[in-house]
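Beneath this line is the structure, given in structure tokens, with notes to follow.
Each chain gets a letter, A, B and so on, in the order the sequences are listed, and its residues count up from 1.
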Protein chains: 2
Amino acid sequence: MEQESRDGSSDDPQDRDAQRDVACEPESPAAQTRAEGFQAVRDAHRSEIAEDYVELIQELIERSGEARPVDIAERMGVRQPTVAKNLARLQRDGLIRRERYRSVFLTGAGQALADVCRERHKIVVEFLLGLGLDRETAEQDAEGIEHHVSDRTLAAFERAVKASERPG
Amino acid sequence: MEQESRDGSSDDPQDRDAQRDVACEPESPAAQTRAEGFQAVRDAHRSEIAEDYVELIQELIERSGEARPVDIAERMGVRQPTVAKNLARLQRDGLIRRERYRSVFLTGAGQALADVCRERHKIVVEFLLGLGLDRETAEQDAEGIEHHVSDRTLAAFERAVKASERPG
DNA sequence: CCACATAGTTAGACGTGGCTAAGTCTTGAT
DNA sequence: ATCAAGACTTAGCCACGTCTAACTATGTGG
């Protein structure tokens, strides 16, 4: 999606900081790590919409037999043309299948992504509930948090949930 | 093919609305709440950049006496023109002060925002550390998570941190 | 069979947030 | 005092994700 021009090349355009001495320790390896963190957050943002949509589509299909753009729009809190554009991107990325004026269906890839997201969402919600939060807060915060939870952190959440489930 | 998979009846257009009514009563309140959640996430995204920048600017000023665009760019992992654009928006929004070809300074509002963000960041990191995560994972995940933590959830995190600090 | 309501699409605008290329300003060495 | 290097800006590109307005398709009912 973004520019792929910064991958395997030798000339690293990012470290022109050889002359930075006094201000911030030579070569600042901390800055490097930090930059990667921000990069990861930006990457996560790019997949958020896809994840939210496939998760919702899966749920709609299960609950009512089909996923109509108008229902997606209502639940996402956006207008229909917004849904149309986003669905076009999802289709381009091979996550959904559709025909004009018809409902939306998940491809194998879309289904797989939806499964992962649903599981992760469930863990995050249960974890937050375990912290003593009310269901609504847990659900809403999970919506934002779930896309930024690394595998390690998710595992830690799961551990905590399991631990509180059998407190003995 | 999938069109038939909704419930077995061929292409009866009537059961579409029938199912809809059953599955999610008109004007469904659940969908409403959900939509608000997604809206909140979108709102959070819009403030993320501002928060990350003021936090970083505050830190740079404290550690080296000034915040130069080139250093911001390095730590954010983006190019200088990107920083320039974002700083222009920050200035427009009254969070920073600057003159051409000079370093950046926080306004009162920017300082206040930075303080809040720093505190919140600290709580989230400590909370994640308390879960048994290594520092690097905690820092990186906190970067993504912190912008999506409601006051209630932050309070719950803080409680958990305090509880584990004095384990009894 | 036609008309109307609703679902879906298209076109076009706007702001964000990345990028490169190329220009301008500042500053420190000579 | 000059001049080169590095910091900063400008201009222009692109994709995303939102919107409104207006058009088209579908299908129900008179």
- Note on the structure: Judged by nearest nucleotide, the residue sitting upstream toward the 5' end of DNA chain D, B:P69 or A:I49, is B:P69
- Look at atom CD of B:E99 and say whether more than 12 heavy atoms of other residues, nucleotides or ligands are closer to it than 6.0 Å. no
- Item | Any donor-acceptor N/O pair, A:T107 side chain to A:R97 backbone, under 3.5 Å | no
- Message: For DNA chain D, which residues of residues 81-90 of chain A approach it to below 4.0 angstrom with any heavy atom?
- Response: A:P81, A:T82, A:K85, A:N86, A:R89
- Would you check if the side chain of B:R120 reaches a backbone N or O of B:E146 as a donor-acceptor pair within less than 3.5 Å? yes
- Item | Rounded distance (Å) that lies between atom C1' of D:dT9 and atom CD of B:Q91 | 13 Å
All N/O donor-acceptor pairs, side-chain side in residues 151-158 of chain B, below 3.5 Å, sequence neighbours left out:
from: B:T153; atom 1: OG1; to: A:D141; atom 2: OD2; distance (Å): 2.5
from: B:T153; atom 1: OG1; to: B:S150; atom 2: OG; distance (Å): 3.1

- Choose from D:dT26, C:dC19, D:dT9 the nucleotide whose nearest atom is closest to any side-chain atom of A:Y101. D:dT26
- Item | Donor-acceptor side-chain pairing of A:R118 and A:Q58 below 3.5 angstrom | yes
- Nucleotide nearest B:R68 (side chain, heavy atoms from C-beta), chosen from D:dC8, D:dT18, C:dG18: D:dC8
- Message: Tell me the interatomic distance from A:Q80, atom CD, to D:dC19, atom P, rounded to whole angstroms.
- Response: 12 Å
- Whole angstrom value for the distance that separates C1' of C:dC25 from CZ of B:R100: 9 Å
- Query: How are the rings of B:H148 and B:H45 set relative to one another: parallel (under 30°), tilted (30 to 60°) or perpendicular (over 60°)?
  - Reply: perpendicular
